[in-house]
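Below: one structure, written as structure tokens.
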Amino acid sequence: MTITARYDVRMVLVLALLTACTGGGVEAPDVETSVRDSAGVTVVENSGTGWAPQQGWRVAAEPAVDIGVLEGAPEYQLFQVRGSAVLSDGRIVVANAGTKELRFYSPAGEHLRSVGRQGSGPGEFEELGGVWLVGGDSVVAYDWRGSRLSVFDPQGGFVRSIRLATGEGVSFPQPVGLTEDRKLIANAGVVFFSGAAKPGVNRDSTAVLVYDLDGALRDTLGVFPGNEAYVKTDGRSMSVRTLAFGKTLESGVHGEHLYAGVTDRHEVGVWRTDGTLARLIRRVHEPMAVAPEDIRAYKEAQLALVDEQPEGTRARSRQMLEEMPYPETFPAFETFEVDAERHLWVREQTRPGDDRSLWMVFDGEGRMLGRVELPEGLAVHAIGADWVLGRWTDEYEVEHVRLHRLDRSPPAPER
């Protein structure tokens, strides 16, 4: 089933112009939102910048909890963190792929227990790929090499394994998240070495799949444009790398809905698990042009990643970076998250060298609220009612899992 949205002329337009004075000397937010119905789909279109300066939500610059050390007890040394989550009692679980473990920490960041190890047996992992919570704080981890889910109780006790069914066109399914009605949403893997890829820019389609928690493949929720990649062939071999400033498919799950958007445009769709589109959330967006200095900065950063690799590897990287076509504009956004309160957080695209982490927040109905700045370098894993959790790497390349406090209360008016 391919998901498409068809619009007809039967539209109801409601204009919500949020420019009225809020009183108390507080400057009104700059937001204009229109909501219309198109063939049963609610289309929410936003423009403006949102909250007035100093009037929006705030995320603490310093972490309330910081897990990760350069030297010290091994249970605090993190390597290849693939995800983290906060249980209802405040404990933090970390998927530490470097040691093939799930590590449980107290709300203050004290190590409590580690479960899992290298292997293919019950409760073991070959390639730990992520961690999620489902119903009653059950912990679900994914081993992508075996397309296998492992379920643990809230204390870390192993419960069972679930192998995801694969079939024609489905290879290495990558979980996106678990719905409230206990369905797993996953993206089908794309393999460029199938012979279908041609030299130059390639963009395969990505199927979004629905699994039951017994591993059975129930349905294909939809087929979306996937991620752009650059392919180079010399007749005997093929090299594939992510296209610089390429467009991607971003997805997430909240409640009983899939959120999905391709970064070609500033738009996120909200899909029901029966494959129907419920809502489109849009923001008026002017594409940001890619400048020559952006390309230079990108090349320098990519070459720095292979500084210590053999000369042959560095030479191939240099050649691909020089031959690769560069888009005229950046993607419309980088990624997004849906928080515990159903707010959509969309990370804005920034230029190479601009390390700010700027996120535009929309309410549960898709109306834009405003911008929030997160700590630089924090790769967000989850956002709760009053916290933001993610992975952060320091100047020594040491990985940390950090929890920062989120303040949603309006600032007190100036006197």
Side-chain angles (χ1 to χ4, degrees), residues 67-68 74-75 77-85 92-105 113-134 138-152 156-167 169-178 184-194 204 206-209 211 213-217 226-227 229 238-242 248-253 305-306 309 313 335 379-382 389-391 393 397-401:
I67 303 166
E75 57 266 26
Q77 295 179 1
L78 302 179
F79 179 52
Q80 295 181 352
V81 172
R82 294 292 182 256
S84 59
I92 298 171
V93 57
V94 176
N96 194 61
T99 58
K100 313 297 192 266
E101 291 177 321
L102 294 180
R103 295 181 179 176
F104 289 77
Y105 297 87
R113 184 182 184 187
S114 295
V115 300
R117 61 180 182 180
Q118 175 77 48
S120 57
E124 298 176 339
F125 305 104
E126 294 182 83
E127 294 293 344
L128 182 55
V131 62
W132 298 268
L133 303 178
V134 62
S138 292
V139 177
V140 179
Y142 185 61
D143 186 336
W144 64 263
R145 185 173 294 278
S147 300
R148 184 179 61 164
L149 296 170
S150 293
V151 182
F152 298 82
F158 176 73
V159 177
R160 62 180 176 133
S161 291
I162 305 163
R163 191 170 299 277
L164 300 182
T166 57
V170 178
S171 57
F172 297 113
Q174 299 298 307
V176 174
L178 293 151
L184 174 74
I185 308 299
N187 292 340
V190 174
V191 179
F192 279 102
F193 297 95
S194 62
D204 283 280
T206 297
V208 179
L209 312 173
Y211 286 91
L213 282 191
D214 60 3
L217 178 57
N227 300 343
M238 176 185 294
S239 299
V240 181
R241 67 171 296 140
T242 300
T248 60
L249 168 66
E250 302 298 322
S251 52
V253 171
L305 296 176
V306 295
Q309 296 296 317
T313 301
T335 187
V380 177
H381 290 160
L389 182 73
R391 177 177 56 81
T393 304
E397 300 301 315
V398 175
E399 294 182 51
H400 299 246
V401 169

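All residue numbers refer to positions in the sequence shown, counting from 1. Every value quoted in this text rests on a predicted model; they were computed, and no experiment measured them.
- Contact detail for Ala95 and Gly130: the closest heavy-atom pair is CB-C, 4.3 Å.
- Qualifying side-chain hydrogen bond (donor to acceptor under 3.5 Å, both in side chains) partners for Ser84, counting only residues two or more places apart in sequence or in other chains: His381.
- Distance check: Trp144 CH2 to Arg82 CZ gives 9.5 Å after rounding to the nearest 0.5 Å.
- One distance of note links CD1 of Ile162 with OH of Tyr211; it measures 12.0 Å at 0.5 Å rounding.
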Check against side chain to side chain contact (heavy atoms under 4.5 Å, CB included), Leu184 and Val134 = CA-CA 10 Å; Leu184 174 74; Val134 62; over 6 Å; no

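- Taking 4.5 Å as the limit, some side-chain heavy atom of Arg160 sits within range of a side-chain heavy atom of Leu213.
- In this structure, Phe158 and Pro122 approach most closely via the heavy-atom pair CE2-CB, 3.5 Å.
- Closest heavy-atom contact between Gly98 and Gln80: N-CB, 3.7 Å.
- Here the shortest heavy-atom pairing between Leu178 and Trp132 reads CD1-CB, 4.0 Å.
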Candidate pair Glu124 and Arg117, rule side chain to side chain contact (heavy atoms under 4.5 Å, CB included), full reasoning | CA-CA 5 Å; Glu124 298 176 339; Arg117 61 180 182 180; 2.7 Å; yes

Report the C-alpha distance between Glu250 and Thr335 in whole Å, list the side-chain angles of each, state the deciding distance to 0.1 Å, and finish with yes or no for side chain to side chain donor-acceptor pair (under 3.5 Å).
-> CA-CA 6 Å; Glu250 302 298 322; Thr335 187; 3.0 Å; yes

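- The main-chain N or O of Gln174 is never found under 3.5 Å from a side-chain atom of Tyr142 such that the two would form a donor-acceptor pair.
- Here the side chains of Leu209 and Leu217 are in contact, with some heavy-atom distance below 4.5 Å.
- Using a 4.5 Å heavy-atom cutoff, the side chains of Arg148 and Arg163 are in contact.
- Taking CZ of Arg391 as the reference point, atom NE2 of His400 lies at 11.5 Å (rounded to 0.5 Å).
- Two residues are said to be in side-chain contact when any heavy atoms from C-beta on lie closer than 4.5 Å; Leu128 and Asn96 fail this criterion.
- Proximity of Val139 to Leu133: side-chain heavy atoms (C-beta onward) are separated by under 4.5 Å at one or more points.
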Apply side chain to side chain contact (heavy atoms under 4.5 Å, CB included) to Val208 and Ser251, showing your working.
-> CA-CA 9 Å; Val208 179; Ser251 52; 5.9 Å; no

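- Side chains of Val159 and Ser138 form no contact here, defined as non-hydrogen atoms less than 4.5 Å apart.
- Residues Glu101 and Ser114 approach most closely at OE2-CB, 3.8 Å, considering heavy atoms.
- Side-chain atoms of Arg103 come within 3.5 Å of backbone atoms of Glu75 as a donor-acceptor pair (strictly under, hydrogens ignored).
- The line from CG of Asp204 to CG of Leu249 is 12.5 Å long, rounded to the nearest 0.5 Å.
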For the pair Ile67 and Leu78, evaluate side chain to side chain contact (heavy atoms under 4.5 Å, CB included) and give the outcome as yes or no after the intermediate values.
-> CA-CA 8 Å; Ile67 303 166; Leu78 302 179; 4.3 Å; yes

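- When all heavy atoms are compared, the tightest approach of Val240 to Ala229 is CG1-CB, 4.1 Å.
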